[in-house]
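Report on the structure given below.
Every chain is numbered from 1, with letters handed out A, B, ... down the list of sequences.
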There are 2 protein chains.
Amino acid sequence: MTKGHIKLADVAKAAGVSQGTASNVFSRPEVVREEVRERVLGIARELGYNGPDIKGRLLRAGRINAIGVAAIDPLAYFFEDPWARALMTELATVCDATGTGIALVSAQNQQKLAWNINSALVDGFILLCVEGGEKLVELTRRRQLPFIALALGGGDASIPAIGIDNIAGAATVARHLAELGHHRFAILAIGLNSDHVGAVTPEQAVRSLKSTSRDRALGYWQALADFGIGREDVPMYGTQNDRLSVDAALEELFATAKPPTAILAMSDRIALLAMQWLAGRGLAVPGDVSVVGFDGVPEAATAGPGLTTVAQPLQEIARRAVAAILEDAMPPLQEALDVTLIVRGSTAPPRLD
Amino acid sequence: MTKGHIKLADVAKAAGVSQGTASNVFSRPEVVREEVRERVLGIARELGYNGPDIKGRLLRAGRINAIGVAAIDPLAYFFEDPWARALMTELATVCDATGTGIALVSAQNQQKLAWNINSALVDGFILLCVEGGEKLVELTRRRQLPFIALALGGGDASIPAIGIDNIAGAATVARHLAELGHHRFAILAIGLNSDHVGAVTPEQAVRSLKSTSRDRALGYWQALADFGIGREDVPMYGTQNDRLSVDAALEELFATAKPPTAILAMSDRIALLAMQWLAGRGLAVPGDVSVVGFDGVPEAATAGPGLTTVAQPLQEIARRAVAAILEDAMPPLQEALDVTLIVRGSTAPPRLD
DNA sequence: GATTAAGATTGAATCGGTTCAATGAAGTTT
DNA sequence: AAACTTCATTGAACCGATTCAATCTTAATC
């Protein structure tokens, strides 16, 4: 603001000490004689100098004390999406403990994102790879800073990543429903080509789903196969993880002659949206339809009825991710953590008919 | 990682040009002859140099392209508290449009917060002053960067702030209930001394509430006075804006002989928690008790029933706050924006008795 | 009083770039 | 051929600090 900004050198000169000493007064006070320290501090205050400017310190020390969390989505994603939020809460808690700051870096279009990643002032990146993970990894790699990918799903083994066992998780939750006696299932998937409408065949799904979603589909199918239900008997719809696409899918699904009694949603968000749609349609959960989600976000617990879901160990994920960046404690590549089934009120045996 | 990090100077030497030219190749490509540019870029690629390091650029140029959002709360606050989240969503949207990054700076204890504020790499600060606002402002001031306070409430006119008209908002919502025919009110306030238990007298409230809460109380009282209801007839309880304190207050409130038929909550969060408590207690909303909130967070719309509340113009607040920092467009000090009443399902005429 | 050790201070190098006045080279005008 | 432009490039200063080997003080020990 004031154009004649005073810097450390000015203070040093005014106090009649070397710049080195002046620097020590602020950064390593114990090394300078008390009398001198007082004098320098006095002059500094007089001149309106409030301690070393970070920009200078930074250049020398190199360590920024902040980690960047990146995603290919509008910045608002971090505050809107339940999973992202739950994860961020845990990340924030871990960062708090270590005195590390968090910088949000994001953008919808790739060019801007590239710029943002390149100019983010951070010591490393945590990548939320729900969308366009590979691109995100590629952009980050250029920066030559430590990074770790979350929710990346299978693929390239050269990418340091922390993930969860999507197949086992999906299988667990599908088995839960099958054991309750359900026979008619439907899957609400995440992220099929947005222009596609209507149910997709298993072949289409395997081909076009990104790996996280594909693994979850495989898990569902695997568990249901044990109960004699083939994958072609389970209609599957793509959604964009938003209300519009979920509503559209359900609309079509429940227009059929024999609608499902159990819905396998690939995210809690989808599941919660589905429950809202069902409620609006006068269908009782779990009376008419059982619903399960995936992720274990807090909203799943407070919804009415509570949502049965598979919980990710977000706290553990956060802890490891931050450690990976800060302590350069890169995990064994492609680590997959276990998930746990949480049974709540949204699932029950099917109505006898 | 690779210890022998190559820098611009290395590239310049290897390419046989001056460092100045090398710099231009990256920062102002149009000024250097194409042939030279190509050669330098080639060498750079060969050496594994990915463009200028921000830290160096930063020192010279000074502009960071990120704004800090600060609060005296754990970092997780930004992702958990509904109001903070709604605000962050809007801030994020505005920042997205201008290509500005967001750095979260926070801490529970003041010492750490001071450090974090001092070392945050940002061009300016937006202060969430719900808690300990004065302290936050004081710490930020030292940094000598542009800043603007949100939710600060009255007080010091020398602090640039954007606020809302708490008195008018509170009056509006209280009048809405009174016009429906309610006579027995109760107020759930934010942020009385945590050690206090039980209802507080108006005098106590005026003395110990922070200014935002006090203004809302004044608004309630003012509107109710027009309907012949004195402030001493409206029991008021302090809460910490969390479930524990809200439950405790309601527990006591509904143990009385003539419990209220209308609850004035000073935040949507409190209101939503109250509705959950009432539901658990078997009291119907709005059948047995009407509830209103304050803030206008998204959750208020999706709750069942929808929460009647007073909405803050968060988008406008966000827009102005970001403009204030980025364009140094400091607003007229202590600006107060209007709020709007949103009537939903949580309010109805009282049951006749 | 001479010798050491410990502590405080200095000065210059360094971090990794950007910027700008000055220089050089090539082309144009009179 | 001299004078004037234009455009590309150079070299050095600068941004605001930290760091460390070397020097200077002071106090303690023999």
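A side-chain contact (heavy atoms from CB on, under 4.5 Å) with A:F125 is found for exactly one of A:L136, A:V105, A:V69, A:V137, namely A:V105. Remark: of the listed residues A:V322, A:L145, A:I148, A:V322 is the sole one forming a side-chain contact (heavy atoms from CB on, under 4.5 Å) with A:I67. Considering B:Q312, B:R85, B:Q315 as possible partners of B:E90, the one that fulfils the side-chain contact (heavy atoms from CB on, under 4.5 Å) test is B:Q315.
B:N118 approaches A:I54 most closely through the heavy-atom pair O-CG1, 3.6 Å. A:L152 approaches A:A161 most closely through the heavy-atom pair CD2-CB, 4.4 Å. The minimum heavy-atom distance linking A:A12 with A:A22 is given by the pair CB-CB, 3.7 Å. Shown here for A:L337 and A:I317, the closest heavy-atom pair between the two residues is CD2-CG1, 3.7 Å. Looking at every heavy atom in both residues, B:T100 comes nearest to A:L75 through O-CD1, 3.9 Å.
On the nucleic acid side, DNA chain C has its first and last nucleotide under 4.0 Å of a heavy atom of chain B at C:dC15 to C:dT19, going 5' to 3'.
The nearest whole Å value for the distance from the CG atom in B:N118 to the P atom in D:dA17 is 12 Å. In this entry the distance linking CG of B:L58 with C1' of D:dA17 reads 12 Å, nearest Å. Summarising the geometry, the separation between NZ on B:K55 and C1' on D:dT18 is reported as 14 Å, rounded to the nearest angstrom. The interatomic distance linking A:R60 (CZ) with D:dT19 (P) rounds to 7 Å, in whole Å. Rounding to whole angstrom units, CZ of residue B:R57 and C1' of D:dG16 are separated by 18 Å. When the P atom of D:dG16 is taken as reference, atom CG of B:L59 falls 7 Å away, rounded to whole Å. Rounded to whole angstrom, the span from the CD1 atom of A:I54 across to the P atom of D:dA17 amounts to 9 Å. Whole-Å rounding puts the A:E35 CD to D:dT26 P distance at 11 Å.
Within residues 37-51 of chain A, no residue approaches DNA chain C, by heavy-atom distance under 4.0 Å. Contacts between residues 17-28 of chain A and DNA chain C, counted as heavy-atom distances below 4.0 Å, involve A:V17, A:S18, A:G20, A:T21.
Between the CG atom in B:L59 and the CG atom in A:L58 there is a gap of 8.5 Å [rounded to 0.5 Å]. Interatomic distance, CG of A:N109 versus CG of B:D96, reported as 9.5 Å (0.5 Å rounding). Atom OG of A:S106 and atom OH of A:Y77 lie 9.5 Å apart (nearest 0.5 Å).
At a cut-off of 3.5 Å, with distance as the only test, no side-chain donor of B:S23 or B:R60 sits close to an acceptor on the other residue.
Below 30°, between 30° and 60°, or above 60°: for B:F79 and A:F79 the angle between ring planes is below 30°, a parallel geometry.
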Shorter than 3.5 Å, N or O on both sides, protein versus nucleotides 6-8 of chain D: list them out with atom names.
{"from": "D:dA8", "atom 1": "O3'", "to": "B:R33", "atom 2": "NE", "distance (Å)": "3.3"}

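Environment of CD in A:E30: crowded, with over 12 heavy atoms of neighbouring residues, nucleotides or ligands closer than 6.0 Å.
Listed by chain and number, the residues in a salt bridge (charged side-chain N to carboxylate O under 4.0 Å, His left out) with A:K135 are A:E138 (sequence neighbours excluded).
Within the helix from C:dG1-D:dC30 to C:dT30-D:dA1, the inter-axis angle between the opening and closing five-pair segments is 50°, rounded to 10°.
By the 4.5 Å heavy-atom criterion applied to side chains, B:D81 and B:D73 are not counted as neighbours.
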